[in-house]
Engineer: 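Before I ask anything, here is the structure I am working with.
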Amino acid sequence: MGAAASIPRFVAGRVGGLLLTVGVTSFLIFSATHLAPGRPEEFLLRGRPVSPEALAAVRAQYHLDDPLLVQYWRWITGVFTGDFGRSLQFRQDVGGLLASRLPTTLLLVGYASLMIVLVGLLLGVVAALRPGKLDRSIMLISTVAAATPGFVAVIPLSAVFAVGLGWFPVFGNGEGLLDRLWHLTLPAVAVAVSVVGLLARVTRSAMLAELSREHVEVARSRGLPFGSVVRRHALRNSLGPITTLSGLIVAGLFVATFVIEVAFGLSGLGSLLVTAVQAKDFPVVQAITMIGVLAFVVTNLLVDLLYPLIDPRVSLRAGVAR
Amino acid sequence: MTAASATPGLIRRRVGRLRTGALGGWLNIVALAVLTVFVLAAVFADVVSPVGPNDVSLSDTLAPISGEHLLGADQSGRDTLSRLIYGARGSLLGPLAVVAGSTLLGTAFGVWAAWRGGVVDWLISRSTEVVFAFPGLLLAILAVAMIGPGLTAPVVAMVIAYTPYIARLSRSAALQEAAKPYIAAYRVQGFSSLTIVARHLVPNIVPLLLAQSTLNFGYALLDLAALSYLGFGVQPPTPDWGTMIRENQQAVLEGVWQPSLVPGVCIVLVVVAFTTLGEAIADRVARRDVP
Amino acid sequence: MTALAINNLTVELPAVARRPLVADVTLQVGAGEVVGLVGESGSGKSVTARAALGLFPPSAQVTGSVRVAGTEVVGLTGQALRRLRAEQVAMVFQDPRASINPLRRVGDFLTEALRANRGWSKAKALTRAVELLTEVGIAQPGVAVRKYPHQFSGGMLQRVMIASALAVEPVLLLADEPTTALDVTTQAEILATLLSAQAERAMAMLFVTHDLELAATICDRIAVMYAGRIVEEQPAQRLFDAPQHPYTRGLLTATPKLPAGGDAASSDVAPLVPVAGRPLSLAENPAGCAFAPRCPIVVDDCAAATPVTRVRDGASVACHRADELIGRDA
């Protein structure tokens with residue numbers, strides 16, 4: 001029993017579950033080509049009429065005569081070595097395409113995550129500590145914000161901050177880190193709007209629950225400064241739900257940014273995915289879908305693994321059946 | 001899951017419902033009123049719409065708000081209000097199909113898993129976990145890549161993506177319900193499983209599913225609007241709120257924001273209304289269950 | 001100087017409760033004295049004790065005076081209130097499991113007040129924490145400070161709680177049912193730890209409990225509370241030998257007692273008589289004596305007016321029939 005013995009089992013269980021999920025999802029993503037209407041080689045040629053010889057060449061190039069499982073195995077081992085096949089649309093390696101697009105998406109996800117966590121925590125803590133008008137206003141705003149998708153938020157954001165005030169650009173990636181961040185500010189805000197209120201709400205309710213706990217009263221009765229009681233006890237103990245939610249938010253951001261990249265004309269994975277779908281460039285679609293799923297499940301796994309650090313009791317919980 | 005839009009949907013379904021808390025009961029009435037207006041507008045579009053959704057009047061390109069165009073006109077001189085009213089049809093029908101499909105399938109799978117247990121339960125639960133790994137919007141984009149743009153592929157994909165949430169919910173609710181004495185009483189009296197499940201068990205978990213499905217309606221609307229915005233959903237020239245935002249986004253840079261902002265506001269209004277109502281129903285269910 | 005002087009303290013929650021949580025309470029605890037505050041749950045004993053920390057329920061209306069070592073606590077806020085809690089008064093709470101932040105190490109719990117309130121370095125505070133843990137009887141204190149609360153038993157955690165209270169070097173120690181949440185076997189050890197620490201430092205202690213007999217064994221003086229009021233106050237031994245208020249008498253006859261040296265089955269066992277009726281809820285505020293509905297010697301006058309507290313020979317009692325009772329016992 002004990003904490004020490006159960007942590008490896010906890011980690012092994014989670015990683016095992018993840019591998020199983022990734023295995024099944026990747027197979028589904030790969031076999032999507034074969035599930036699509038029409039024969040795969042026609043699909044791969046995107047419906048262009050070609051000679052039987054060309055068709056045969058395509059079948060050979062993509063090993064379409066091998067059994068499906070063999071084809072899948074070739075693809076998935078490639079994926080884990082960075083070989084995603086060749087783009088039909090750009091006639092170059094998908095891996096290279098992704099590598100050139102990935103930084104923008106990652107930067108946007110990181111930037112938006114930072115904004116969401118900082119602003120969400122701040123709003124949630126303020127709402128918990130200042131009941132009344134301020135609390136109610138923050139809750140009302142967060143309800144509306146949660147219903148505002150990024151591509152809707154884009155409109156007022158660009159109308160006010162780009163066209164009206166001229167503070168931020170509304171198009172392009174920018175050069176160099178600072179310029180990039182400047183270009184990514186409005187997109188990051190647009191991505192953040194709908195989830196920042198969600199984090200604020202969860203922070204607020206977790207904080208309120210903790211503030212009413214006895215150990216917080218005890219901390220106050222010991223003459224600790226108010227800020228220290230809030231930080232070291234109420235907020236510290238609220239980190240469990242806050243981290244879980246933040247993990248889900250960041251995991252979801254990968255896909256959320258895809259739409260925003262299109263809205264702001266940023267050349268990231270999302271805009272690549274959209275053009276690939278339009279061009280029926282299936283290797284690219286498969287690769288990006290796979291990356292989206294991986295980012296999602298890996299982020300969730302990381303949060304799970306982080307949890308014992310946040311709550312020292314969790315290792316016991318995992319080890320002892322309830 | 002998806003767009004900035006869908007992300008909260010996904011997270012809410014995973015983290016559990018959040019109480020509206022400080023917001024009062026009058027909001028429910030406002031929410032109901034908002035939805036009624038939109039539904040009536042969608043149903044009676046032919047009657048209430050000032051002009052046809054695709055009536056082009058080039059002299060009115062990007063016309064401002066006026067007596068002639070109550071909400072202005074778009075890039076092609078089409079009346080924004082009329083397109084909004086006709087657009088409500090697709091924008092509301094899509095999520096309706098998703099919610100209906102996922103609620104039916106999810107309830108069937110969930111109750112089946114709970115009632116049968118064993119291998120059936122294991123299989124359904126594992127499949128549920130696999131689908132959870134797919135952000136719904138990503139699944140929908142994959143479906144569009146396979147089948148092609150239009151409402152069909154996204155709706156089918158969304159039904160698949162939303163079913164596990166209902167399945168998980170109905171499974172746990174059905175497990176709780178099945179453990180109650182009255183179910184055992186029916187069994188002893190020799191009623192068939194199907195009769196007990198269909199006539200007694202399912203009706204008792206319906207309010208809970210209704211709450212979740214109401215919330216899901218809002219999230220599905222956000223996801224489908226995002227797909228339309230990307231050009232994968234409802235195809236032009238058919239009006240749709242997501243498509244309208246995409247078509248008129250360029251005009252914002254020219255200082256004309258209402259043709260794209262107005263459909264955006266409609267999306268927000270409808271989603272807030274569904275969220276409010278869904279949480280209100282969930283609150284009532286919670287109060288009924290905890291006397 | 002008296003460590004704690006409470007005068008005519010009244011705490012009301014107009015929005016929640018119809019009667020005051022605490023009404024017109026007057027109580028003194030001298031330096032080095034151990035005073036017991038005894039009553040049923042809801043009698044106001046915990047509210048009274050917490051008043052010494054300036055810890056009142058939110059939105060409570062407070063009148064009267066609470067002085068700790070001469071400092072007025074009622075109305076104290078901000079820095080001054082923090083200083084009172086950091087330097088003058090410490091409290092041991094009922095449930096150590098709920099009172100210590102489960103997510104922080106025990107060493108952190110012990111040192112954080114010393115560091116925040118006295119500006120001590122982490123190393124210095126930790127050295128002190130280890131000393132205190134040794135004093136309260138925790139084996140391997142150097143290891144203990146690195147553990148988390150869930151790795152301790154309830155009794156061990158309560159020792160940690162006592163150590164943290166001692167770290168304050170308080171003038172007044174409040175103990176709110178410090179053994180109630182613990183196993184019977186550990187209760188005596190915790191009491192011994194608490195009392196030896198108290199005696200060594202000559203601290204004043206206010207000991208809150210529902211157990212009159214326990215209070216009688218460890219306290220110098222006992223005040224009995226009923227429905228927010230102190231109904232009787234006497235030196236411990238005299239209260240035990242000659243209880244005056246009918247409620248105190250009821251409490252004593254309701255306690256099972258074994259005759260000295262006898263066995264439980266013998267016929268010498270005093271008859272067990274529970275106090276009839278039920279305690280007053282916060283929604284009730286009858287006129288007159290709050291104990292009247294349960295009182296075995298109630299007369300018509302009892303419902304007419306709240307009895308005044310009468311003092312005689314160092315004993316004070318709030319009962320309309322106090323004179324007769326004393327006469328009967330003498």
Side-chain angles (χ1 to χ4, degrees), chain A residues 17 21-22 24-25 28-29 32 35-37 135-136 139-140 143-144 146-156 158-159 162-163 170 190-195 198 201-202 205 241 244-245 248-249 252-253 255-256 258-260 262-263 273-274 276-278 280 282 285 289 292-293 296-297, chain B residues 1-8 10-12 14-15 18-23 126-127 129-130 132-139 141-147 149 218 222 225-226 229-232 242 245-246 249 252-255 257 260-261 263-265 267-272 274-276:
Chain A
T21 309
V22 169
V24 177
T25 46
L28 289 176
I29 290 170
L35 294 174
D135 179 23
R136 278 202 301 278
M139 285 305 100
L140 186 67
T143 304
V144 175
T148 308
F151 61 90
V152 170
V154 166
I155 308 301
S158 40
V163 179
V170 283
V191 172
V193 162
S194 68
V195 276
L198 203 62
R201 280 168 150 228
V202 166
S205 57
T244 307
L245 179 69
L248 280 171
I249 287 177
L253 278 190
V255 188
F258 287 0
V259 183
I260 298 306
V262 174
L273 176 63
V274 170
V277 170
Q278 284 160 349
K280 291 196 178 274
F282 226 85
V285 173
T289 312
V293 169
F296 191 82
V297 292
Chain B
M1 85 194 332
T2 86
S5 61
T7 311
L10 165 101
I11 290 159
R12 281 187 181 216
R14 295 205 173 182
V15 168
L18 300 160
R19 280 163 189 264
T20 331
L23 308 178
R126 293 296 86 76
S127 325
E129 275 163 30
V130 169
F132 273 142
F134 267 104
L137 193 68
L138 208 52
L139 197 63
I141 293 176
L142 193 64
V144 170
M146 288 164 56
I147 304 173
L222 289 175
Y229 175 79
L230 291 177
F232 296 152
I245 297 175
R246 174 195 182 84
Q249 197 185 329
V252 175
L253 303 182
E254 295 156 34
W257 43 263
S260 53
L261 187 66
V265 169
I267 290 174
V268 175
L269 274 178
V270 172
V271 174
V272 169
F274 273 108
T275 313
T276 309

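Every chain is numbered from 1 and lettered A, B, ... according to where its sequence line falls, protein lines coming before strand lines.
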Engineer: Would a 4.5 Å heavy-atom cut-off, applied to side chains only, mark L137(B) and V259(A) as touching?
Structural biologist: yes
Engineer: Is the backbone N or O of A263(A) less than 3.5 Å from a side-chain atom of Q249(B), with the two atoms forming a donor-acceptor pair by type?
Structural biologist: yes
Engineer: Based on non-hydrogen pairs under 4.5 Å, which of P263(B), A225(B), P149(B) is most in contact with chain A?
Structural biologist: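 Top count of heavy-atom pairs under 4.5 Å with chain A: A225(B).
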Engineer: State, to 0.1 Å, how close V272(B) and V144(A) come at their nearest heavy-atom pair, and which atoms those are.
Structural biologist: CG2-CA, 4.0 Å
Engineer: Find out whether L273(A) and L138(B) are in side-chain contact, i.e. whether some heavy atom of one side chain is under 4.5 Å from a heavy atom of the other.
Structural biologist: yes
Engineer: Just so I know, are the side chains of I141(B) and T289(A) near enough to count as touching, which here means a heavy-atom distance under 4.5 Å?
Structural biologist: no
Engineer: Using non-hydrogen atoms only, which part of V193(A) is less than 4.5 Å away from chain B: side chain, backbone, both, or neither?
Structural biologist: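 No part of it gets close to chain B.
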Engineer: Testing the basics here: between K280(A) and A145(B), what is the closest heavy-atom pair and its distance to 0.1 Å?
Structural biologist: NZ-O, 3.6 Å
Engineer: What is the minimum heavy-atom distance between L222(B) and A146(A), and which atoms define it?
Structural biologist: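 Looking at all heavy atoms of both residues, the shortest contact is CD1-O, 4.4 Å.
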Engineer: Quick one: what part of V297(A) sits under 4.5 Å from any heavy atom of chain B, side chain, backbone, both or neither?
Structural biologist: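 Answer is side chain: those atoms of V297(A) sit under 4.5 Å from chain B.
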Engineer: Work out which heavy atom in V271(B) is nearest to a heavy atom in A147(A); give both atom names and the distance.
Structural biologist: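 Where V271(B) meets A147(A) most closely, the heavy atoms are CG1-CB, 3.5 Å.
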Engineer: With respect to chain A, which residue among F232(B), W257(B), F274(B) yields the maximal number of heavy-atom pairs within a distance under 4.5 Å?
Structural biologist: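 Answer, by heavy-atom pair count under 4.5 Å with chain A: F232(B).
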Engineer: V262(A), V285(A), T25(A): which one forms the most heavy-atom pairs within less than 4.5 Å of chain B?
Structural biologist: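 Max contact count across the listed options: T25(A).
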Engineer: Quick check: do L230(B) and V277(A) have side-chain heavy atoms less than 4.5 Å from each other?
Structural biologist: no
Engineer: Between A133(B) and V293(A), what is the shortest heavy-atom contact and its length?
Structural biologist: O-CG1, 3.8 Å
Engineer: Under a 4.5 Å cut-off applied to non-hydrogen side-chain atoms, are I29(A) and F134(B) in contact?
Structural biologist: yes
